[in-house]
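Working notes for the structure below.
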Amino acid sequence: MHVLKASVHDVRYFASLLRAVNFVNRATFTASSKISLMENAYSLATLGTAFVFSEIFDEYSYHSDALDSPQESEDEEVNVGFEIPLNTLIECLNIFGTAGAPPTNTGTKFKKWKKSGDDSDHDDDDDRGGRGRNYARGLDNFLSGSSEKRTGMRMTYAGPGQPLTLLLAEDATGPTTTCEIATFEFEPHLELPFDASRTYVLDIYLWNAGLRCSSWLRDALSELDPSFDKLTFIGTPPPEVDGSTSRQKRPASQKPMLRIKAAGTFGSTEMDYPNDREVLETFECRENVRVSYRFGHITKTLRALQSSTKTSLRIDEGGLLSLQFLMPSLKGGTSDAFIEFRVSDSS
């Protein structure tokens with residue numbers, strides 16, 4: 001009996017979620033009866049986690065009784081966990097070149113298998129749309145209604161010490177392949193506890209208006225020069241609201257509610273944002289806040305930010321930053337996945 005078995009008719013959504021946390025090759029995979037987690041740590045200061053709920057799969061089954069664990073009880077489910085080379089997993093999902101964008105912009109091209117009736121040996125995206133199909137944003141590309149061929153997957157895991165096995169097929173008449181990826185035992189990894197009961201000195205909730213519309217946060221981070229080495233969030237408590245008005249305007253001479261400052265060797269830049277529902281759905285700041293983070297750590301979140309529908313930005317009393325990105329739902333209703341990054345301050 002397999003501990004974990006999951007299948008999906010199109011791997012692009014699953015692969016896009018994994019790419020969002022693919023900044024270090026060795027990642028931690030944890031599975032339970034309702035959710036799978038992929039955790040990745042970077043430079044002892046950044047922790048990215050993809051929360052993948054069972055609903056994104058066409059079939060998902062988890063059997064903890066297949067594990068030989070003395071900790072299991074009638075009321076407690078035993079989760080299975082292991083480490084895996086994340087780059088290898090993503091490359092296997094894209095073995096037929098139909099799993100969306102490659103993890104990095106290296107010019108790597110994945111040629112499709114040629115079948116009888118094909119007129120050309122060439123990729124259909126070589127010179128189309130500038131960089132071609134491979135460089136489209138992962139989830140945007142998946143939700144575009146394209147009629148491109150899809151890769152189906154069945155993923156199984158038999159237990160500790162066993163490989164993660166992927167059975168991949170492009171379609172019913174095409175080739176199939178089986179990939180076995182070595183798994184490793186848990187090793188101590190970065191933990192950045194973010195207690196929801198703690199007091200947040202800054203709490204912002206953003207609505208990204210439409211999947212293909214740029215959010216202000218993504219625009220702000222994307223337009224900054226890579227030479228910057230520090231990013232600072234500066235928050236100012238909102239003014240007291242007069243009882244006679246629902247919202248009191250802030251005098252122009254006062255500081256903005258939120259300021260993002262980027263600084264580096266060759267200069268600095270500042271971006272100010274008002275407390276406007278078109279930009280910030282909610283904004284809470286209990287005291288004057290000024291916390292700095294390494295710019296290279298913040299840019300690790302861009303892949304998730306590009307495709308998210310909602311974003312939550314919170315900073316606790318210790319300066320720990322939590323960025324949660326709600327991913328679009330494929331089946332309507334609540335989202336099937338979200339991604340969280342935790343970043344410690346640079347002090």
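- Among all heavy-atom pairs drawn from Val291 and Gly319, the shortest one is CG1-O, 3.8 Å.
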### Message
Run the side-chain hydrogen bond (donor to acceptor under 3.5 Å, both in side chains) test on Ser322 and Glu340 for me, step by step, so that the C-alpha distance in whole Å, both residues' side-chain angles and the decisive distance to 0.1 Å come before the verdict.
### Response
CA-CA 7 Å; Ser322 170; Glu340 181 182 24; 3.0 Å; yes
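- In terms of heavy atoms, Ile339 sits closest to Ala20 at CD1-CB, 3.3 Å.
- Defined by atom type and a distance below 3.5 Å, a donor-acceptor pair is missing between the side-chain atoms of Gln162 and Thr183.
- Distance check: Leu168 CG to Thr178 OG1 gives 8.0 Å after rounding to the nearest 0.5 Å.
- Arg314 has its side chain within reach of Gln324: a pair of non-hydrogen atoms, C-beta onward, lies under 4.5 Å apart.
- Among pairs with a residue in residues 258-271, those fulfilling salt bridge (Lys or Arg N to Asp or Glu O under 4.0 Å) read Arg259-Glu270, Arg259-Asp272, at least two apart in sequence or across chains.
- Checked by atom type, the side-chain pair Thr151/Thr98 shows a donor-acceptor distance below 3.5 Å.
- Thr46 places no side-chain N or O within 3.5 Å of a backbone atom of Val343 that could act as its donor or acceptor partner.
- Remark: Phe14 pairs with Phe57 by the ring-ring contact (aromatic ring centres under 6.0 Å, His included) rule, at least two apart or across chains.
- Side-chain atoms of Asp58 come within 3.5 Å of backbone atoms of His9 as a donor-acceptor pair (strictly under, hydrogens ignored).
- Taking every heavy atom of both residues into account, Val11 and Ala99 meet most closely at CG2-CB, 3.8 Å.
- Classification of the Phe338-Phe53 ring pair by plane angle, with boundaries at 30° and 60°, yields tilted.
- The salt bridge (charged side-chain N to carboxylate O under 4.0 Å, His left out) check on Arg294 picks up nothing, with sequence neighbours excluded.
- Looking only at side-chain heavy atoms (C-beta outward), Leu258 and Ile204 come within less than 4.5 Å of each other.
- Taking 4.5 Å as the limit, every side-chain heavy atom of Ile234 sits out of range of all side-chain heavy atoms of Val289.
- Checked against a 6.0 Å centroid threshold, the rings of His2 and Tyr157 do not count as neighbours.
- For the pair Lys230 and Tyr293, the minimum side-chain heavy-atom distance is 4.5 Å or more.
- For the pair Tyr13 and Met327, the tightest heavy-atom approach, listed with the atom from each and the gap, is OH-CB, 3.7 Å.
- Here Glu39 pairs with nothing under the salt bridge (charged side-chain N to carboxylate O under 4.0 Å, His left out) rule; sequence neighbours left out.
- For the pair Ile90/Thr88, no side-chain contact is recorded, criterion being any heavy-atom separation below 4.5 Å from C-beta on.
- Here Arg154 pairs with Ser7, Glu59, Thr156, Leu167 under the side chain to side chain contact (heavy atoms under 4.5 Å, CB included) rule; sequence neighbours left out.
- Annotation: side chain of Phe325 is not in contact with side chain of Ser312 (no heavy-atom distance under 4.5 Å).
- With sequence neighbours left out, Asp225 forms a side-chain hydrogen bond (donor to acceptor under 3.5 Å, both in side chains) with Ser227.
- The two atoms that bring Leu17 and Ala337 nearest to each other are CD1-CB, 3.7 Å, heavy atoms only.
- Residues meeting the side chain to side chain contact (heavy atoms under 4.5 Å, CB included) test with Thr30, sequence neighbours left out: Thr28, Leu37, Asn79, Phe186.
- Looking only at distances, no side-chain donor or acceptor of Ser307 sits under 3.5 Å from a matching main-chain atom of Ala304.
- The only member of Leu305, Leu321, Ile260 that meets side chain to side chain contact (heavy atoms under 4.5 Å, CB included) when paired with Ile298 is Leu321.
- Judged by distance alone, the side chain of Ser308 and the main-chain N or O of Thr311 form no donor-acceptor pair under 3.5 Å.
- For Phe184, the side chain to side chain contact (heavy atoms under 4.5 Å, CB included) criterion is met by Arg26, Glu83, Pro85, Ala182, not counting sequence neighbours.
- Here the closest non-hydrogen pair linking Ser292 and Thr232 is OG-OG1, 2.7 Å.
- In this structure, the side chain to side chain contact (heavy atoms under 4.5 Å, CB included) partners of Ala262, at least two apart in sequence or on a different chain, are Leu224, Phe228, Leu231, Thr269.
- No hydrogens or angles considered: a donor-acceptor pair under 3.5 Å links the side chains of Asn22 and Asn87.
- For Phe29, the ring-ring contact (aromatic ring centres under 6.0 Å, His included) partners are Phe82, not counting sequence neighbours.
- Of the possible donor and acceptor atoms, none in the side chain of Arg150 sits under 3.5 Å from a partner among the backbone N and O of Asp10.
- A donor-acceptor pair under 3.5 Å links the side-chain atoms of Asn40 to the main chain of Val21, judged by distance alone.
- Legend: residues meeting side-chain hydrogen bond (donor to acceptor under 3.5 Å, both in side chains) with Thr301, ordered by chain and number and at least two apart, are absent.
- Taking the side-chain hydrogen bond (donor to acceptor under 3.5 Å, both in side chains) definition, one finds that Ser36 meets it with Tyr60, sequence neighbours left out.
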